[in-house]
Amino acid sequence: MKNMEQKMNRVKWILLVMLGFFVEASAQKAHNPIVWADIPDMSMVRVGDTYYMSSTTMHMNPGVPIMRSKNLVDWEIVSYAYDILGTIDDFEMANGKNAYGGGTWASSIRHHNGTFYVSTFSNNSDLNYLFYTKDPAKTPWEKIEYKPKIHDHSLFFDDDGKVYIISCGGKVGIREMESDLSGVDESTQQTLIRDADAITGKERGLPAEGAQIFKVNGKYYIFLITWPKNSMRTVLLYRADHIMGPYEGRVVLEDKGIAQGGFIDTPDGKWYGYFFGDRGAVGRIPYLVPMKWEDGWPVFGEKGVVPEFLDIPAEQPAIPQVVRSDDFSRKKGERDLPLVWQWNHNPANEYWSVTERPGWLRLKTFMLTNSFVNAKNTLTQRTFGPQCAGETAIDVTHMKEGDFAGLGLLQQKYGIVGVKVKNGKKYIVAGNAQKSDRVNENYEQIDEIPLEKEKVYLKVECDFRNQVDTGYFYYSTDGTNWKEIGHPLKMEFTLSHFMGCRFALFNYATEQTGGYVDFDYFNVDSKISR
């Protein structure tokens with residue numbers, strides 16, 4: 001009996017050791033999604049042992065974030081392709097216009113003869129944009145604009161010195177660029193693939209788009225995304241021996257709706273596909289998929305399934321590097337705003353500062369509006385999953401009648417908590433636009449609590465677990481004791497804004513301009529109180 005007990009204890013010990021090894025091994029592996037935050041329409045390039053990635057941030061400025069990584073998993077923002085795209089009414093939110101759901105869309109990043117290039121387009125300006133620099137982290141990007149606008153295009157430098165633009169929208173086309181890259185030669189336009197999504201064998205839904213072209217071992221590969229009816233986002237791939245075709249195609253990935261992207265190799269010869277998945281209100285989040293070659297075709301995943309774990313050592317912190325806390329203190333030579341921050345539409349730079357009161361962000365009112373989504377100088381960061389919180393403290397001493405300042409969750413269906421001045425008195429208020437649509441904002445104020453102090457603490461929490469997609473709002477008068485306020489917000493990814501829900505610091509005037517508030521800090525956390 002004693003021997004049996006000893007044997008059982010030994011078996012338990014072995015199992016515990018094995019479990020420990022398994023847990024340790026799992027902890028060392030990177031996992032999907034590689035970043036649980038809104039980083040859609042990725043395009044990647046490797047230069048030596050360093051990877052660079054561009055993405056879409058649409059109506060946010062600065063725009064087209066350029067990220068850098070050493071392992072394809074841990075990404076930091078090193079620059080943006082532009083500060084502002086232009087000053088038309090859409091970008092300025094002027095005369096009743098805006099660029100929600102617009103700005104710039106899918107970009108392609110390339111490296112050729114020591115220069116980085118990023119190509120994109122805008123439905124608002126009807127222009128294409130080509131940005132270029134020698135070093136994305138150190139030198140500014142230069143810009144070339146040209147017409148006609150080419151939807152979801154991909155830039156490609158061929159071995160013979162010719163440069164092409166691949167376009168798509170059901171059919172795939174090609175144009176040759178001018179030798180100085182100042183535009184395209186329209187006389188060279190040809191159709192490469194007709195009805196590109198027909199190879200799914202399913203009823204057409206979203207036509208093939210999101211083109212990215214590559215050349216490997218003398219063959220040309222064009223990635224596309226399609227979304228057949230009653231199905232999911234699907235990755236299509238076409239290949240040819242010559243850039244002008246003929247092309248043959250197949251479905252190369254159909255799992256969990258993870259699609260749109262391309263492939264990339266590592267210095268040691270491994271290959272990965274990079275794509276995004278729609279994950280509700282947090283946005284479209286990036287995935288890596290292991291890849292191998294079979295008969296000149298890429299084969300993705302494990303029997304077509306996107307794996308949870310990746311054989312890549314990586315830290316993957318709970319708070320991704322594309323988000324960060326900020327105490328608004330700046331040392332000499334530092335940027336006024338770290339690269340994680342983006343303005344909603346074009347900022348009016350003379351009406352904000354981190355130097356007028358060192359250690360604080362000052363937002364001044366300068367125009368009248370009754371709408372959070374139409375307010376200028378709203379400063380944003382991504383939310384992130386599986387859960388996150390954003391907290392700030394505001395000095396409201398210098399607000400004027402009708403002013404409204406605070407912290408919001410920005411999307412078409414938004415929620416806000418802040419301080420409003422009414423009849424000479426200040427109130428902590430909360431509300432949302434849960435029922436908003438493209439035409440009617442339908443903002444509803446839910447709570448109003450008198451505020452006697454000149455400093456207030458505000459917090460929002462987001463629960464993205466299992467796509468619950470719910471936001472919660474809190475206030476405190478001492479920074480320690482928090483009270484929930486308003487109604488929980490059922491967050492959504494709406495097509496009119498076309499981006500994940502964002503943290504947003506705001507201050508706008510409804511009756512008179514000239515007031516201001518000072519934000520003491522903005523802190524993010526990967527845990528919520530629920």
Run the numbers on H487 and F473 for ring-ring contact (aromatic ring centres under 6.0 Å, His included), then give the verdict. CA-CA 8 Å; H487 293 163; F473 304 86; over 10 Å; no
Taking the side chain as everything from C-beta on, heavy atoms only, tell me whether T104 gets closer than 4.5 Å to L85. yes
dist D90:CG -> S125:OG (nearest 0.5 Å) comes out at 8.5 Å
One should read off an interatomic distance between M53 CE and I77 CD1, to the nearest 0.5 angstrom, of 9.0 Å
Is the number of heavy atoms from other residues, nucleotides or ligands under 6.0 Å of K143 NZ greater than 12? yes
Around atom NZ of K490, are there more than 12 heavy atoms of other residues, nucleotides or ligands at under 6.0 Å? yes
Any salt bridge linking D126 with K147? Criterion: basic side-chain nitrogen under 4.0 Å from a carboxylate oxygen. no
If you compare all heavy atoms of V73 against all heavy atoms of V35, which two are closest, and at what distance to 0.1 Å? O-CG2, 4.0 Å
Between Y443 and Y414, what is the ring plane arrangement, given parallel below 30°, perpendicular above 60°, and tilted in between? parallel
Counting heavy atoms not belonging to E452, are there more than 12 under 6.0 Å from its CD? no
Can you see which heavy atom on P286 is nearest to which on M42, and at what distance? CB-CE, 3.6 Å
Y80 side chain near V64 side chain, heavy-atom distance below 4.5 Å: no
Applying ring-ring contact (aromatic ring centres under 6.0 Å, His included) to W36 and F464, what does each step give before you reach the verdict? CA-CA 10 Å; W36 199 329; F464 297 115; 8.0 Å; no
Smallest separation among heavy atoms of Q260 and A106, with atom names: NE2-CB, 4.1 Å
Start with the C-alpha gap between Y82 and F131, add the side-chain angles, then the distance that decides, and say whether side-chain contact (heavy atoms from CB on, under 4.5 Å) holds. CA-CA 8 Å; Y82 59 86; F131 303 95; 3.5 Å; yes
Derivation and outcome, salt bridge (charged side-chain N to carboxylate O under 4.0 Å, His left out), residues D403 and K420: CA-CA 6 Å; D403 286 1; K420 182 179 288 187; over 6 Å; no
Is R465 close to Q387 at the side-chain level, that is, under 4.5 Å between some pair of heavy atoms? yes
Any non-hydrogen side-chain atom of R110 less than 4.5 Å from a side-chain atom of V45? no
Calculate, to the nearest 0.5 Å, the distance between atoms CD and NZ belonging to E142 and K134 respectively. 11.5 Å
Relative to each other, are the rings of Y521 and Y457 parallel, tilted or perpendicular (30° and 60° limits)? tilted
Can K364 and E356 be counted as an ion pair, charged N to O under 4.0 angstrom? yes
Taking the six-membered ring of Y474 as reference, does the NZ or CZ atom of K459 fall below 6.0 Å from its centre and within a 45° cone about the axis? yes
Between R46 (side chain only) and G48 (backbone N and O only), is there a donor and an acceptor less than 3.5 Å apart? yes
Give a yes or no on whether the ring-centroid distance for F116 and Y52 is below 6.0 angstrom. yes
Any chance you could lay out the salt bridge (charged side-chain N to carboxylate O under 4.0 Å, His left out) test for K426 and E454, step after step, and finish with the verdict? CA-CA 9 Å; K426 297 183 177 74; E454 298 302 330; 3.8 Å; yes
In terms of side-chain geometry, is the basic nitrogen of R530 or E484 positioned less than 4.0 Å from the acidic oxygen of its partner? yes
If you take all heavy atoms of A211 and S154, which pair is closest and at what distance? O-CB, 3.3 Å
Please work out whether the ring planes of F404 and F506 are parallel, tilted or perpendicular, with thresholds of 30° and 60°. perpendicular
What is the minimum heavy-atom distance between F384 and F503, and which atoms define it? CE2-CE1, 4.5 Å
If you define the side chain from C-beta out and look only at heavy atoms, does anything of Y427 sit under 4.5 Å from K422? yes
Test side chain to side chain contact (heavy atoms under 4.5 Å, CB included), reference T266, set I312, D49, L72, output is L72
Side-chain ion pair, D326 and R330, N-O less than 4.0 Å: yes
Under a 4.0 Å N-O cut-off, is there an ion pair linking D311 with K29? no
Counting only heavy atoms from other residues, nucleotides and ligands, does the tally under 6.0 Å from CD of E334 exceed 12? yes
Might you work through the salt bridge (charged side-chain N to carboxylate O under 4.0 Å, His left out) test for K453 and D478, ending with a clear yes or no? CA-CA 10 Å; K453 296 188 177 183; D478 60 10; over 6 Å; no
Cationic N near anionic O, under 4.0 Å, K455 to D520: yes
Measure the shortest side-chain to side-chain distance between V282 and D469 over non-hydrogen atoms and say whether it is less than 4.5 angstrom. no
Which label fits W352 and W343: parallel for a plane angle under 30°, tilted from 30 to 60°, or perpendicular past 60°? tilted
Please confirm whether R284 makes a cation-pi placement over F276, using NZ or CZ under 6.0 Å from the six-membered ring centre and within 45° of the ring normal. yes
Would you mind checking if R382 and D38 are paired as a salt bridge, meaning a charged N to carboxylate O distance below 4.0 Å? no
Could you pull out the closest heavy-atom pair between A389 and E461, with the gap in Å? CB-CG, 3.9 Å
Assess whether a salt bridge exists between K527 and D525, defined as any Lys/Arg side-chain N lying under 4.0 Å from an Asp/Glu carboxylate O. no
Quick one: sort the H151 and F121 rings into parallel, tilted or perpendicular, breaks at 30° and 60°. perpendicular
